[in-house]
Amino acid sequence: MTPLMSAGVQLMLVGMGTVFFFLTVLVAATRVMSAMALRLAPVPDSPPESASVTPGPQSRHPTPDEIAAISAAIAAHRAARR
Amino acid sequence: MTPLMSAGVQLMLVGMGTVFFFLTVLVAATRVMSAMALRLAPVPDSPPESASVTPGPQSRHPTPDEIAAISAAIAAHRAARR
Amino acid sequence: MTPLMSAGVQLMLVGMGTVFFFLTVLVAATRVMSAMALRLAPVPDSPPESASVTPGPQSRHPTPDEIAAISAAIAAHRAARR
Amino acid sequence: MELIQQLWQASGLYQITLGQFVMLCVGGVLLYLAIAKKFEPLLLLTIGFGGILANIPGAEIATGDGLLHLVYVVGIETGVFPLIIFMGVGAMTDFGPLLANPRTLFLGAAAQFGIFATLLGALGLTSLGVMDFSLKEAAAIGIIGGADGPTAIYVAGQLAPNLLGAIAVAAYSYMALVPIIQPPIMRALTSEKERAIQMVQLRPVSKLEKILFPILLLLLIGLLLPTAAPLLGMFCFGNLMKECGVVDRLSDTTQNALINIVTIFLGLAVGSKLQAEVFLSASTLGILLLGMVAFAVGTASGVLMAKAMNRLSSTPINPLIGAAGVSAVPMAARVANKVGLEANAQNFLLMHAMGPNVAGVIGSAVAAGIMILFTSGL
Amino acid sequence: MELIQQLWQASGLYQITLGQFVMLCVGGVLLYLAIAKKFEPLLLLTIGFGGILANIPGAEIATGDGLLHLVYVVGIETGVFPLIIFMGVGAMTDFGPLLANPRTLFLGAAAQFGIFATLLGALGLTSLGVMDFSLKEAAAIGIIGGADGPTAIYVAGQLAPNLLGAIAVAAYSYMALVPIIQPPIMRALTSEKERAIQMVQLRPVSKLEKILFPILLLLLIGLLLPTAAPLLGMFCFGNLMKECGVVDRLSDTTQNALINIVTIFLGLAVGSKLQAEVFLSASTLGILLLGMVAFAVGTASGVLMAKAMNRLSSTPINPLIGAAGVSAVPMAARVANKVGLEANAQNFLLMHAMGPNVAGVIGSAVAAGIMILFTSGL
Amino acid sequence: MELIQQLWQASGLYQITLGQFVMLCVGGVLLYLAIAKKFEPLLLLTIGFGGILANIPGAEIATGDGLLHLVYVVGIETGVFPLIIFMGVGAMTDFGPLLANPRTLFLGAAAQFGIFATLLGALGLTSLGVMDFSLKEAAAIGIIGGADGPTAIYVAGQLAPNLLGAIAVAAYSYMALVPIIQPPIMRALTSEKERAIQMVQLRPVSKLEKILFPILLLLLIGLLLPTAAPLLGMFCFGNLMKECGVVDRLSDTTQNALINIVTIFLGLAVGSKLQAEVFLSASTLGILLLGMVAFAVGTASGVLMAKAMNRLSSTPINPLIGAAGVSAVPMAARVANKVGLEANAQNFLLMHAMGPNVAGVIGSAVAAGIMILFTSGL
Ligand code: NA
Ligand code: NA
Ligand code: NA
């Protein structure tokens with residue numbers, strides 16, 4: 001095996017080892033943190049469904065539907081004003 | 001005529017020549033492109049009136065009217081909540 | 001008194017003097033400006049209550065209430081569309 | 001007490017020069033035009049305020065490590081700001097009317113004659129010994145005739161930074177004055193009958209055409225005149241983001257937050273070039289004069305080109321829309337529409353005038369590329 | 001295997017110093033104050049997080065080519081970030097109450113005594129050998145008394161970059177603590193009767209006055225104290241954009257996207273100055289102590305000035321609004337309102353307190369100009 | 001006339017090389033994929049357009065003082081742009097599902113095997129003499145397996161700038177191809193019965209947990225692997241701004257104006273690395289090939305890890321969610337959900353898959369830290 005390859009193998013072993021070691025520590029730490037957090041603030045304020053990657057109403061872009069809805073409202077208002 | 005002037009005259013001739021040459025090529029190319037495009041996607045999806053410089057609803061700033069409309073809606077909602 | 005302290009005292013005297021001098025001039029200039037402005041544009045176009053630090057409707061962030069209101073509107077609209 | 005003397009000698013009252021006083025007034029005038037007259041407020045307000053800041057004696061905001069000078073070096077010397085603005089303008093431009101009637105591109109070409117006539121004018125004044133402009137400077141002055149702010153600032157930044165303040169002020173002032181400058185020329189060169197000409201309804205344009213056009217435009221300019229590619233490239237990029245419909249969030253930000261932020265700093269940085277020692281010179285007067293000529297000639301050549309095309313072709317063109325070829329988007333198109341309605345109350349030229357209007361933007365970018373190609377080497 | 005050893009020696013656990021550990025805790029405390037106590041969250045959250053990043057052993061985010069160091073060099077050393085923030089603050093400020101009652105400017109002047117008293121305090125501690133502050137450093141520390149974040153950061157960046165972290169933390173912390181620091185002082189210096197004084201309804205202010213004021217303010221500062229012109233110039237520019245009504249899209253972006261973006265990076269960059277080796281020193285303790293003094297003295301002098309004005313003038317001033325002269329906009333004005341309501345349930349001082357409140361911003365910018373003028377040369 | 005000759009010699013037609021022509025086509029293909037196929041349009045559109053600009057002969061937009069080169073130097077060489085994007089991604093990420101079921105972090109760990117397998121693959125091809133990659137380059141190529149754009153660009157910018165264009169294009173292309181690459185592998189490695197496994201409803205997660213997690217994550221990475229701290233630090237900062245609820249205006253701007261602006265310039269700058277002379281090489285082909293391998297191996301190891309965990313633990317895990325461990329947020333999670341529904345119409349895996357999905361982002365940032373630690377020194 002060329003020295004380059006062996007360097008690569010070493011890097012892989014150390015790398016995957018570190019990744020697993022770090023995430024294992026993180027799992028443990030997260031469990032402890034959650035336990036403490038739930039003792040401090042028992043009642044969850046976010047229902048499970050709410051979990052998602054999409055940002056909240058404030059930050060997300062309006063969908064075409066919503067733009068349509070808003071535009072309609074504005075149009076109605078303008079019509080009303082005339 | 002001073003050398004500066006003659007340089008200017010040359011620049012004008014070449015310049016206007018290039019402008020016209022380029023835009024002529026562009027007109028031709030555009031006609032070809034449009035023909036091909038309309039063959040690929042015959043039905044136009046934007047009515048002629050739609051052509052304008054103003055950006056779409058998403059991007060343009062609300063007019064005072066619309067702000068008024070929205071504010072009114074919000075005020076109404078607040079009143080309702082009390 | 002150490003030279004550093006005396007430098008500080010001098011700086012204080014000149015500093016407070018300048019602050020008061022400048023703001024006195026500003027008060028006078030403002031009075032003159034207001035007088036002239038009110039002669040040019042007598043009718044005030046903003047009621048006293050309007051004075052506040054909060055930016056106008058265009059620029060301020062919606063409050064949770066308002067977001068709720070808007071979200072509700074959007075939800076209603078979506079429901080309607082189904 | 002000598003601190004007080006130091007304070008007095010550091011004060012503006014002590015240091016102010018007559019030139020700075022004059023420029024403070026000029027800045028005030030620009031603010032007045034922007035606020036009271038609504039002349040191109042986005043630029044004239046920021047340029048005017050930047051000019052005032054640049055002429056506060058002893059503040060040194062526009063020199064050395066001063067904010068405005070830093071912004072100028074980072075944003076204008078590099079050409080970054082005008083290019084970003086051009087991207088934003090592209091994202092707000094609709095090529096629909098142009099695609100519906102490509103012939104109008106010729107009107108946008110003709111109107112660029114104003115640029116080169118002004119170039120000659122500047123060189124003429126130099127030959128007569130009235131002014132002293134180099135070929136580079138004359139080229140930069142000519143671009144005022146493009147009636148396109150970012151293009152003028154970009155070219156001036158490349159070819160004649162020392163004249164940038166005067167050129168930008170002239171460009172934006174005359175763009176604001178288009179409703180006053182153009183109508184008399186348009187009326188003088190056209191008959192009542194010509195102004196009343198109605199044009200055929202524009203055909204609908206498909207989304208695909210709108211998506212392909214900016215790419216086509218970029219490739220052509222790249223193949224024929226690469227020196228114009230940075231300007232038109234960013235313009236086409238903005239337009240493609242708008243038309244492609246898959247990156248609306250980028251297009252949205254480009255048309256709002258991004259262009260607004262850059263406009264603020266572009267205006268302040270341009271204003272920093274209004275320092276008395278730079279701005280108050282005969283050349284500034286010459287530039288203001290020549291800029292006026294540029295607009296007038298450009299308007300005239302656009303109108304005359306339209307009349308010529310009417311000779312050659314059967315489908316009629318209302319010569320008024322030729323005046324929109326100078327760009328000054330969308331003001332010039334509105335002017336054409338207004339003058340047209342005076343002659344014929346049923347005559348709505350706005351959409352027809354938008355074609356030459358955006359064609360003028362392309363035309364002056366091409367002219368800019370020519371100027372940079374042939375003079376930047378000198 | 002020696003890769004593992006290399007990994008271990010590169011780890012934070014191996015490299016961490018006691019100081020870094022302490023600073024990580026300090027960062028945590030700042031996050032706690034920002035999130036749980038809502039103390040100036042926009043700044044304390046970003047500064048606190050920046051402080052944590054800056055003290056991660058071996059990450060070198062706040063040194064060399066690290067992100068935070070780059071941002072610091074580009075944004076704070078140049079003064080660009082505080083100036084942009086100041087522009088944004090200007091665009092959110094309403095001079096209406098000040099214009100309706102210009103006398104309140106004097107309250108904003110008096111409150112600046114806190115700045116200079118603190119300057120003396122810093123020099124006093126030095127003379128006593130307790131601390132070791134140069135005149136520049138003492139001046140920068142004094143500005144904490146201005147109760148105005150961007151001004152403090154701008155001055156510290158110019159005069160005492162090494163103390164910037166501590167000064168910024170002190171300034172924002174005490175601004176957040178205003179509701180706790182001020183009331184006892186206000187009550188101690190005023191009688192129940194004085195606190196119950198009702199003030200005359202403010203007159204309406206015309207749009208024209210609001211447009212002219214920022215221009216007037218800029219010209220005066222330019223003529224009298226140019227070193228304050230960059231700060232007040234950007235402040236006036238922001239305010240003019242807001243009031244002129246012709247560039248709403250610029251004003252809108254300035255108040256939102258732009259100020260938010262700059263706030264994020266300003267906070268992180270300031271946090272990068274919380275590195276243990278820089279921050280953990282006796283001078284930091286001295287600065288925190290002196291900052292507290294600055295706020296207290298400023299509050300007191302504002303109140304006493306209001307009482308003095310009551311002696312001289314017929315139209316009554318409620319001395320509580322004098323405390324708002326330290327700025328800390330709009331917190332200090334709310335405090336004055338709250339304490340006033342305790343004494344007299346019909347007594348709404350908020351609008352009246354906004355006058356001295358914004359006057360305090362002007363006052364501390366003037367003081368900043370003085371400090372820069374007389375010490376930056378040294 | 002020799003001006004015309006000069007014009008001709010400056011034209012693209014005269015200067016274009018075959019390589020540039022090919023790259024213009026490649027740019028066109030990227031635009032096509034972005035617009036017509038909606039493949040990661042935010043990045044492929046901007047990268048593709050940047051690539052076209054970079055290959056316009058004679059325009060020199062991507063070299064020297066050209067706009068794209070300036071943007072590249074300022075934004076990518078410094079690592080600023082990918083870090084800001086990562087902050088924005090953090091502000092759009094919800095750790096809820098991960099907190100509800102921390103075990104899924106192991107899936108995010110396993111999927112990183114794709115990174116190191118690719119590293120070996122790159123070195124293997126070199127040993128075989130097929131390619132010629134240094135250890136640094138191999139490491140940068142491996143990160144493609146992280147299926148995370150900003151991480152890949154950040155690492156490539158640090159370790160192998162010359163390959164950055166190819167690596168970024170590969171990363172985003174394969175992220176877009178996830179719905180095509182993953183399903184066959186997922187089906188091949190799982191039985192119908194396994195794919196039908198229903199998972200237990202996720203427990204609700206409290207706001208406090210969501211606030212504490214990013215801080216915890218940052219501290220752990222800081223103590224164990226500081227070289228990953230810049231990436232994960234900015235990621236955690238963005239997430240904390242979102243979750244803490246006291247700086248919504250900053251979080252809002254980070255998720256919109258700021259990330260959009262940076263995305264535009266990041267894409268253009270990456271595109272500037274698509275210059276023919278750099279991009280058209282055997283190594284690019286190798287990178288595209290190896291990137292495909294990386295995604296496949298990562299997907300497989302995630303699925304196999306999930307199956308292994310099912311052996312060891314009682315609470316069942318649907319092995320499909322293991323595939324989401326490669327990140328490619330949120331595409332990979334959607335794929336897992338879709339394949340799961342095919343096997344069992346009642347089986348909604350989306351939320352369960354979000355856990356490994358964001359865990360994959362953390363995992364590849366850790367892998368990136370390892371690569372930088374062990375190879376940047378070489
Ligand atoms: Na033009
Ligand atoms: Na103050
Ligand atoms: Na990953």
Side-chain angles (χ1 to χ4, degrees), chain E residues 3 6-16 20-21 24 27-28 31-46 48-50 52-62 65-71 74 253 255-265 267-268 271, chain F residues 74 77-84 86-88 91 154 158 207-208 211-212 214-215 218-234 236-241 243-262 369-370 372-374 377:
Chain E
L3 279 192
Q6 193 180 336
L7 185 62
W8 162 242
Q9 289 176 352
S11 76
L13 275 171
Y14 179 87
Q15 299 181 57
I16 193 164
Q20 288 170 321
F21 177 78
L24 289 177
L31 294 185
Y32 173 80
L33 294 176
I35 297 170
K37 299 285 176 212
K38 301 197 173 22
F39 280 5
E40 294 281 331
L42 296 179
L43 269 298
L44 290 190
L45 183 92
T46 48
F49 204 94
I52 291 175
L53 289 176
N55 286 284
I56 291 175
E60 286 172 0
I61 302 174
D65 291 345
L67 176 63
L68 297 197
H69 186 249
L70 293 178
V71 174
V74 170
T253 296
Q255 293 175 35
N256 293 289
L258 180 54
I259 197 170
N260 291 344
I261 291 170
V262 175
T263 300
I264 290 169
F265 292 110
L268 289 174
Chain F
V74 171
E77 261 181 25
T78 60
V80 170
F81 283 177
L83 290 176
I84 294 175
F86 223 53
M87 174 172 75
Y154 180 79
Q158 306 281 310
K207 185 158 182 293
L208 181 58
I211 292 174
L212 291 176
I215 301 170
L218 173 62
L219 291 179
L220 283 180
I221 202 70
L223 292 181
L224 298 179
L225 189 61
T227 47
L231 270 173
L232 279 178
M234 295 307 282
C236 293
F237 180 53
N239 189 250
L240 182 61
M241 285 197 289
E243 298 295 355
C244 71
V246 293
V247 294
D248 287 343
R249 59 179 295 161
L250 300 187
S251 159
D252 182 7
T253 296
T254 307
Q255 293 174 35
N256 293 290
L258 180 54
I259 196 170
N260 291 344
I261 290 170
V262 175
I370 290 288
I372 291 170
L373 171 60
F374 286 114

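Everything numeric in this text was worked out from a predicted model, so none of it was measured. Below, chain A is the first sequence line, B the second, and so on; all start at residue 1.
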Which answer fits E:Leu31, side chain, backbone, both or neither, if we ask what part of it has an atom under 4.5 Å from a heavy atom of chain F? side chain
Considering only heavy atoms and a distance below 4.5 Å, find which of E:Asp65, E:Thr46, E:Leu24 pairs most often with chain F. E:Thr46
Below 4.5 Å, heavy atoms only, C-beta onward: do F:Thr254 and F:Ile259 meet side chain to side chain? no
So for E:Phe265, is it side chain, backbone, both, or neither that comes closer than 4.5 Å to the heavy atoms of chain F? side chain
Under 4.5 Å heavy-atom distance to chain F, tell me which part of E:Ala36 shows up: side chain, backbone, both or neither. neither
Check whether E:Leu13 gets within reach of chain F through its side chain, its backbone, both or neither, counting any heavy atom under 4.5 Å. both
Measure distances from E:Leu42 to the heavy atoms of chain F and classify the residue's part below 4.5 Å as side chain, backbone, both or neither. both
Interatomic spacing from CZ in F:Phe237 to CG in E:Leu45 - rounded to 0.5 Å: 6.0 Å
Which donor-acceptor pairs under 3.5 Å do side chains of residues 220-232 of chain F form with protein atoms, sequence neighbours excluded?
| from | atom 1 | to | atom 2 | distance (Å) |
| --- | --- | --- | --- | --- |
| F:Thr227 | OG1 | F:Gly369 | O | 2.8 |

With only heavy atoms counted, which part of E:Ile35 is less than 4.5 Å from chain F, the side chain, the backbone, both or neither? both
Pick one of side chain, backbone, both or neither for E:Ile261, based on which atoms fall under 4.5 Å of a heavy atom in chain F. both
With a 4.5 Å cut-off on side-chain heavy atoms, are E:Leu67 and E:Leu268 touching? no
Side-chain contact, heavy-atom cut-off 4.5 Å: E:Phe49 with F:Leu218? yes
Okay, E:Leu68 and chain F: the region with an atom under 4.5 Å from a heavy atom over there is neither
E:Lys37: partners by side-chain contact (heavy atoms from CB on, under 4.5 Å), with sequence neighbours left out: E:Tyr32, E:Leu33, E:Phe39
